[in-house]
Amino acid sequence: MTQQELQHLFWRAGFGVHPKKLKSISKNRTEAVADLFKDSKAFSPLTIDLSYLDGISSIDLKNYPELAKEINQKGAKKILDLNYAWVKRLINPTELLRERMTLFWANHFVCRERNPLYAQQYNNTLRYFALGDFRGFVKAVSKEAAMLRYLNGKQNRKNRPNENFARELMELFTLGEGQYSEKDIKESARAFTGYNHDFEGGFIHRESQRDNESKVFLNRIGKYDGDDIIDIILDDKKCARFISDKIYRYFVNPTPNKKYIEAMTDVFFKDYNIENLMRFVFLSDWFYKEENIGSKIKSPVDYLVGMINTVPIQFEKEKDVLRIQKILGQTLLDAPNVAGWKGDKSWIDANTIMVRLKLPSTLLNNALISTGENRELSKKALYKNKGKLPFKTTADWTAFLENFASATTKNLEEYLIQGTIYSGTLDYLKTMNTSSKKEYCIQLMSLPEYQMC
């Protein structure tokens, strides 16, 4: 594999790679991909301190309104703690590919939850199944406390079915729009009646609220429960095709290629094993085609995590990490709706592109915006309406220089920029200060081409 192909693999399967790490990666494609999966075999749950909930399950909070208020206030803060813990995990993952896949599935099985216990459990369910059995994955998601609350599963009862989860299960999670009827939604909703959870988030099937009568779903009839409905859906190859299409657009190219997606579909439909599907993608020649390299606009999380993986950054205030996510338009654990973030070109608008182009200097350059030789603009001037620096950070340039020791200012862009650097940008780079590798790094990360991966 070439350097560019390896970098492509690690931008898709992770969040970029520096020259020091590249030296330790096999240039043999089969071995490099095998090592990625081997390193992600383990499952390390993401946890935060939730000890404030100890003993709460035995208390009826309706009788203690002040305590209930305090718990809700602490819960809101803990959600922010979980967000920050997740970002830190993405920056320093123990299982790189598993974490990338967790991020992908979080925008597929979208769920917003304000209870930190349920949110943490849901996030770890995504992580646990991220490379596993898709059939078991969908069934587990349908029984998660966070999902039951988000899509009104707890209100889905015999003689009073709630169709929210049944609809999204087919439209967004498995089949895609137009592959089912309104009758199918109504019938499948009946199959998921009685789903509930206990205080700790454990699944409960309340038999008294369950509809045990026959249902007619996708032209099949039986006394189906929720798991049966999911099995019937996955029996349809349209499900394998829908997931393969989504994985192609995320991991390969936002512009779909029907030939390659159909090949993925054939692999996935055999056993719905996510690992087998991803191995097929990463080992395929077409994955490394030139048109796929640098074809994606980095999501805000990709952009931020990739930057910090290049130059390690410590934030004086954890909440600044949340502020940056909000400014860029992607706050983890807080998707805009059940369809999630649209991605691709929706990441960039007139406001976010300006923030993206200035953020490297803002975070890395000791309060100075570098605009070329002998031209500098202070952060205070840039944010003069606030009267103070927007973020307080410490950049670990020693780690950067160590990780990029084999790179020079003559070839640094080969490591930082995926895809084509356009002629106008190349002319612009000739005017940049190349005497300092640190300064040149910031300048490269401030280019439009750096927004691509």
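One is the number of the first residue; the rest follow in order along the sequence. Both backbone and side-chain heavy atoms feed into the values below; hydrogens, waters and symmetry mates do not.
Atom CG in L333 sits 5.5 Å away from atom CH2 in W86 (nearest 0.5 Å). Interatomic distance, H8 NE2 to N292 CG, rounded to the nearest 0.5 Å: 5.5 Å. Here CZ of F268 is found 13.5 Å from CD1 of I261. Values are rounded to the nearest 0.5 Å. Here the CZ-OH distance, from F287 to Y260, works out to 13.0 Å after rounding to the nearest 0.5 Å. For the atom pair CG (L82) and CD (Q120), the distance works out to 6.0 Å, reported to the nearest 0.5 Å. To the nearest 0.5 Å, atom CD of residue E99 and atom CG of residue L90 are 6.0 Å apart.
Using modelled atom types, one side-chain atom of N156 and one backbone atom of N162 make a donor-acceptor pair closer than 3.5 Å. No donor-acceptor pair closer than 3.5 Å links the side chain of D236 to the backbone N or O of C239. The backbone N or O of G343 sits nowhere less than 3.5 Å from a side-chain atom of K345 that would complete a donor-acceptor pair. When atom types are taken as modelled, the side chain of D198 and the backbone of G201 share a donor-acceptor pair closer than 3.5 angstrom. The main-chain N or O of P254 is never found under 3.5 Å from a side-chain atom of D344 such that the two would form a donor-acceptor pair. Side-chain N or O atoms of K69 include none that pairs as donor or acceptor with a backbone N or O of Y64 at under 3.5 Å. At least one donor-acceptor pair under 3.5 Å links the side chain of T393 to the backbone N or O of L363. In this structure a side-chain-to-backbone donor-acceptor pair under 3.5 Å is present from D184 to L218. For the pair R279 (side chain) and I274 (backbone), a donor-acceptor distance under 3.5 Å is absent. Between the side chain of T193 and the main chain of R157, no donor-acceptor pair closer than 3.5 Å is present.
Taking the six-membered ring where the residue is Trp, H108 and F134 present tilted rings, their angle falling between 30° and 60°. Between W347 and W341, the ring planes lie tilted relative to each other; the angle falls in the 30° to 60° range. Classified by interplanar angle (parallel below 30°, tilted 30° to 60°, perpendicular above 60°), the ring pair F109/W105 is parallel.
The local environment of CD in E207 is crowded, with over 12 non-hydrogen atoms from other residues, nucleotides or ligands closer than 6.0 Å. No more than 12 heavy atoms of other residues, nucleotides or ligands shown are found within 6.0 angstrom of NZ on K238. By the 6.0 Å contact criterion, NZ on K237 is enclosed, its count of non-hydrogen atoms from other residues, nucleotides or ligands being greater than 12. More than 12 heavy atoms of other shown residues, nucleotides or ligands fall within 6.0 angstrom of atom NZ in K246.
The pair K139-D231 meets the salt-bridge criterion, since a charged nitrogen lies less than 4.0 angstrom from a carboxylate oxygen. A salt bridge links D211 with R190; the closest basic N to acidic carboxylate O contact falls under 4.0 Å. The residues R323 and D320 are annotated as salt-bridged, a charged nitrogen and a carboxylate oxygen being separated by less than 4.0 angstrom. The pair D81-K77 meets the salt-bridge criterion, since a charged nitrogen lies less than 4.0 angstrom from a carboxylate oxygen. Look at R112 and D334 and you find a salt bridge, because one of the NZ, NE, NH1 or NH2 atoms lies within 4.0 Å of a carboxylate O, short of that distance. Under a 4.0 Å N-O distance rule, the pair D133/R135 does not qualify as a salt bridge. Under a 4.0 Å N-O distance rule, the pair R167/E163 qualifies as a salt bridge.
Remark: aromatic rings of Y195 and H205 are close, center separation under 6.0 Å. For an aromatic pair to be called close, the ring centres must be under 6.0 Å apart, and Y224 with F217 fails this. Here F400 and H18 keep their ring centres 6.0 angstrom or further from each other.
Between F137 and the options F129, Y128, F173, Y272, a ring-ring contact (aromatic ring centres under 6.0 Å, His included) holds for only F129. The only option from Q451, R100, K296 that meets the side-chain hydrogen bond (donor to acceptor under 3.5 Å, both in side chains) definition with D302 turns out to be R100.
Heavy atoms only, all atoms of each residue included: V338 and Y150 are closest at N-OH, 3.2 Å. Nearest heavy-atom pair, A166 versus S188, reported as atom, atom and distance to 0.1 Å: CB-OG, 3.3 Å. Taking both residues in full, the closest heavy atoms of A85 and L46 are given as O-CD1, 3.7 Å, listed atom of the first, atom of the second, then distance. Heavy atoms only, all atoms of each residue included: L357 and P448 are closest at CD2-N, 3.8 Å. Of all heavy-atom pairs between T102 and R98, the closest is OG1-O, 2.7 Å. Of all non-hydrogen atoms in S142 and F165, the two that sit nearest each other are CB-CZ, 3.5 Å.
Judged by the 6.0 Å distance and 45° axis criteria, K143 is positioned over the aromatic ring of F203. For R356 and Y303, the positive end sits near the middle of the six-membered ring, less than 6.0 Å away and at most 45° from its axis.
Between S51 and D54, some side-chain heavy-atom pair lies under the 4.5 Å cut-off. V311 places none of its side-chain heavy atoms less than 4.5 Å from the side chain of D396.
If you check the side chains of E144 and T125, you find a donor sitting under 3.5 Å from an acceptor. Side-chain atoms of S44 and E95 include a donor-acceptor pair closer than 3.5 Å. Inspection of the N123 and R127 side chains reveals an N or O donor paired with an N or O acceptor under 3.5 Å. Residues T352 and D349 bring a donor and an acceptor atom of their side chains to less than 3.5 Å of each other.
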Assess the residue pair E402 and K20 against the criterion (salt bridge (Lys or Arg N to Asp or Glu O under 4.0 Å)); give the C-alpha distance rounded to whole Å, side-chain angles, the decisive distance to 0.1 Å, and a yes or no. CA-CA 8 Å; E402 179 183 339; K20 184 179 179 180; 2.6 Å; yes
